[in-house]
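These notes are about the structure you will find just below.
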Amino acid sequence: MPSGTRVVGVLALFLAGSLAVALPANAARTAECQGDWLPATPTSEDVMAGKLSFLDLPAVQVGEKVNWKLDPYKNRSWQMVFHSLRWMGRLVADYESTSNAKYLARATEVAKDWVARNPPGGGAAYAWAEHPVALRAPALVCLSRHVPDKWLKDSLAQHARILANDRNYEWGHNHGLDQDIGLLGIACRYNQKGWRDQAIRRMVKTTTLDVDSQGALREQAPRYAIYFHDRLRVAMDKIKDCGLKVPAELDRRWDLLPEHISAATQPDGFLVPLGDGPADVQPATFDRPDSLVQVYRAGYVFGRTAWDNKESAYYSIRYGPGLKFHGHEDHLGVTYYAQGRNILTEAGFHSYENTPYRRWTITPEAHNVPIVAGKRFRGGVASALTRKSIGEDRQSYTLTDTAYGARRTRAVLVNHDKKDVMAVYDTVSSGKVRNLWHLSPRLAVASNAGGKVVVSDGDWRASIVQFALPGCKQVSGQKIVRGQTSPYQGWISGAYMKKDAAPVVVSPSAKGLLTVVVPGTDQPEVSCSGRTVIVRTPNGPATFKMSGKDLV
């Protein structure tokens with residue numbers, strides 16, 4: 001908070017009588033103020049004391065007159081929550097539950113001050129960004145159930161005009177759904193049929209654009225599937241509260257999303273950290289697919305050996321449409337979890353701030369991908385899944401794109417049946433290829449010699465063995481990078497606004513590279529003869545072949 005901002009306990013101001021407002025003796029519960037629309041916010045006691053804590057960041061103290069240009073963490077997400085006024089809405093919701101008139105008085109004062117000091121086109125820079133507008137509208141509608149004043153009606157009409165303008169609308173995005181929820185709330189509150197019909201019509205279109213017919217979210221980050229699922233329930237409840245019938249397509253897509261969320265959840269209960277998704281997101285229990293392997297046209301492959309077993313193996317593969325919304329440049333990337341541990345993971349999500357570190361987390365170098373040596377990466381290029389073979393104990397896939405100009409191809413094979421192995425075969429149409437293997441911060445590099453990197457977690461070991469093609473000779477020269485800042489490399493963001501140094505294996509370059517990951521041993525005895533590979537795991541041998549650019 002800027003020095004010079006006066007910090008005053010709000011409760012003390014009430015006791016001094018400076019906020020005297022005529023209020024009803026008893027509060028009635030309303031649909032607009034109760035229900036699932038209000039997420040976790042500071043408690044009413046904290047708001048009354050002027051303590052605002054968002055995004056698990058330390059609380060910021062505000063005074064009787066809020067400084068609406070506050071930006072204590074130089075963080076757009078903090079500003080978004082601040083200007084959404086949901087924390088003001090918490091006071092109104094709790095007023096309805098407790099009949100504490102002081103809650104409503106403070107909510108009224110905060111909202112009236114915000115409206116007066118943040119006219120459209122003026123005030124705080126982030127006040128009228130599209131998402132704060134969408135999230136603020138329900139809070140103001142809630143307040144309007146108890147405050148009939150003209151200033152509030154006028155502000156809600158202004159919000160509705162902005163929300164109804166398609167030029168401000170985010171099609172096929174969670175923000176668009178939030179915009180429709182806000183517009184529908186205002187329309188139903190004041191019986192505006194045009195706005196009501198527009199909001200519902202856009203809800204259906206945006207939902208079908210964002211959630212495909214397989215139930216996969218197209219925003220390229222599984223954690224947003226959880227958010228969209230939650231918000232779609234709020235939208236459907238809002239439609240019902242308005243006395244209208246929920247369109248069947250909204251119900252259908254809402255029912256489809258849980259299986260996608262479950263498929264993207266690792267055996268340890270945490271979402272696989274793809275796109276703008278940190279590694280600490282632990283979804284509630286959702287319906288899950290009947291199968292152990294899911295292939296989504298939206299660009300995901302998820303596979304596991306069993307449900308309800310933290311020791312089961314699990315993998316993810318990325319491909320599909322080019323970068324959009326919350327995606328990263330992670331095409332052809334893989335993750336691998338086995339024997340109760342993350343082995344190959346992703347750099348993850350740190351924040352939305354435009355910092356060098358944030359920009360790095362989006363690049364291919366922050367993911368487990370093949371990189372064409374000496375070629376410039378072209379962002380936003382789509383990739384294709386050209387082959388898949390899904391058996392009970394073994395699955396294999398081939399993917400390709402031209403993100404580096406030359407065609408790169410990656411074949412992935414995962415072997416189960418208690419003989420855990422992941423094999424990855426990278427080739428390029430011209431030049432040489434290298435690859436990156438981002439390891440969990442939990443793992444330490446025990447040794448790196450002769451083309452074999454051994455990692456450890458206490459007494460547990462896993463091995464990464466690499467061969468150069470053609471010739472299928474074990475290739476040395478792997479480099480371990482950890483906690484490098486110029487350029488960034490060797491970091492994992494396991495939670496919002498946090499990062500930990502973690503080892504990354506940077507391979508040598510070759511015309512083709514075969515990488516074999518063997519959990520549970522530092523002596524895997526991997527042999528490559530001709531195009532046949534034999535991996536001697538602790539539970540017996542696993543054999544596979546390279547057939548052209550495929551693994552079988």
Side-chain angles (χ1 to χ4, degrees), residues 210-225 259-260 263-264 266 271-277 289 291-304 314-337 344-347 361-372 375 377-390 395-414 422-429 433 435-438 512-513 515 517 548-552:
D210 207 16
V211 182
D212 71 13
S213 60
Q214 290 183 298
L217 192 79
R218 292 182 170 118
E219 294 189 36
Q220 299 184 350
R223 77 144 167 156
Y224 276 93
E259 289 192 4
H260 173 61
Q266 301 177 148
L271 274 184
V272 61
L274 300 176
D276 287 338
S291 62
L292 297 176
V293 178
Q294 298 79 41
V295 179
Y296 290 101
R297 292 184 298 274
Y300 302 98
V301 178
F302 301 117
R304 69 187 71 227
Y314 176 90
Y315 62 92
S316 73
I317 307 172
R318 279 285 288 125
Y319 72 101
L323 180 72
K324 66 182 292 188
F325 297 145
H326 293 289
H328 290 184
E329 294 289 5
D330 57 0
H331 281 198
L332 281 59
V334 301
T335 68
Y336 190 39
Y337 174 105
L344 304 180
T345 187
E346 298 280 15
T361 63
I362 299 173
T363 66
E365 284 75 15
H367 303 87
N368 302 315
V369 298
I371 293 173
V372 182
K375 300 285 187 179
F377 177 76
R378 301 181 303 171
V381 174
S383 58
L385 176 64
T386 60
R387 177 189 170 276
K388 65 179 185 289
S389 174
I390 300 174
Q395 296 94 48
S396 63
Y397 312 88
T398 304
L399 311 98
T400 187
D401 69 16
T402 57
Y404 288 87
R407 180 166 294 280
R408 59 176 182 166
T409 301
R410 166 165 280 186
V412 182
L413 179 143
V414 186
M422 172 180 272
V424 179
Y425 178 31
D426 292 324
T427 55
V428 63
S429 61
V433 66
N435 46 41
L436 299 163
W437 304 109
H438 294 261
L513 282 169
T515 305
V517 183
K549 298 181 183 298
D550 304 322
L551 292 176
V552 297

Taking C-beta and beyond as the side chain, do P370 and L332 meet within less than 4.5 Å on heavy atoms? yes
For a side chain to side chain contact (heavy atoms under 4.5 Å, CB included) check, start with the C-alpha distance between W437 and V334, then their side-chain angles and the critical distance, and finish with the verdict. CA-CA 9 Å; W437 304 109; V334 301; 3.8 Å; yes
So, are R218 and D210 salt-bridged, with charged N and O less than 4.0 Å apart? no
CD of Q395 to CG of L551: how many Å apart, nearest 0.5 Å? 13.0 Å
Under a 3.5 Å distance rule, please check whether T400 uses its side chain to pair with a backbone N or O of R408 as donor and acceptor. yes
Kindly give the heavy-atom pair with the smallest separation between V381 and H331, and that separation in Å. O-ND1, 3.5 Å
Could you walk me through whether I390 and Y397 pass side chain to side chain contact (heavy atoms under 4.5 Å, CB included), step by step? CA-CA 9 Å; I390 300 174; Y397 312 88; 4.1 Å; yes
Taking N368's backbone N and O only, do any of them form a donor-acceptor pair with N435's side chain (distance below 3.5 Å, no angle check)? no
Search all heavy atoms of S383 against all heavy atoms of Y319 and return the closest pair with its distance. OG-CA, 3.1 Å
Rounded at 0.5 Å granularity, tell me how far CG in L413 sits from OH in Y425. 13.5 Å
Return the minimal non-hydrogen interatomic distance between Y315 and Y336, and the atom names on each side. CB-CD1, 4.3 Å
Check for me whether R318 meets the cation-pi criterion with Y300, that is, NZ or CZ under 6.0 Å from the six-membered ring centre and within 45 degrees of the ring axis. yes
Are Q266 and P273 close enough that some pair of their side-chain heavy atoms sits under 4.5 Å apart? yes
Run the side chain to side chain contact (heavy atoms under 4.5 Å, CB included) check on H260 and D212 step by step: do they pass? CA-CA 11 Å; H260 173 61; D212 71 13; over 6 Å; no
Under a 4.5 Å cut-off applied to non-hydrogen side-chain atoms, are R378 and T402 in contact? yes
Give the minimum heavy-atom separation between D426 and V433, together with the two atoms involved. O-CG1, 3.8 Å
In chain order, what residues pass the side chain to side chain donor-acceptor pair (under 3.5 Å) check against D276, with sequence neighbours excluded? H326, H328, R358
Using a 3.5 Å distance criterion without hydrogens, assess whether the side chain of Q220 forms a donor-acceptor pair with backbone atoms of G322. yes
Interatomic spacing from CZ in F302 to CD1 in I317 - rounded to 0.5 Å: 10.0 Å
Closest heavy-atom contact between Y296 and A216? CD2-CB, 3.7 Å
Distance col, row I371:CD1 vs L436:CG, nearest 0.5 angstrom, shows 4.0 Å
Heavy-atom closest pair, residues S316 and V272: OG-CG2, 3.8 Å
Judged by modelled atom types alone, do T398 and T386 share a side-chain donor-acceptor pair under 3.5 Å? no
For G380, does its backbone N or O pair with a side-chain atom of E329 as donor and acceptor, under 3.5 Å? yes
Rounded to the nearest 0.5 Å, how far apart are CZ of R410 and CG of D401? 10.5 Å
Rounding to 0.5 Å, atoms OG1 (T427) and NZ (K549) come to a distance of 3.5 Å
For R297, does its backbone N or O pair with a side-chain atom of Q214 as donor and acceptor, under 3.5 Å? yes
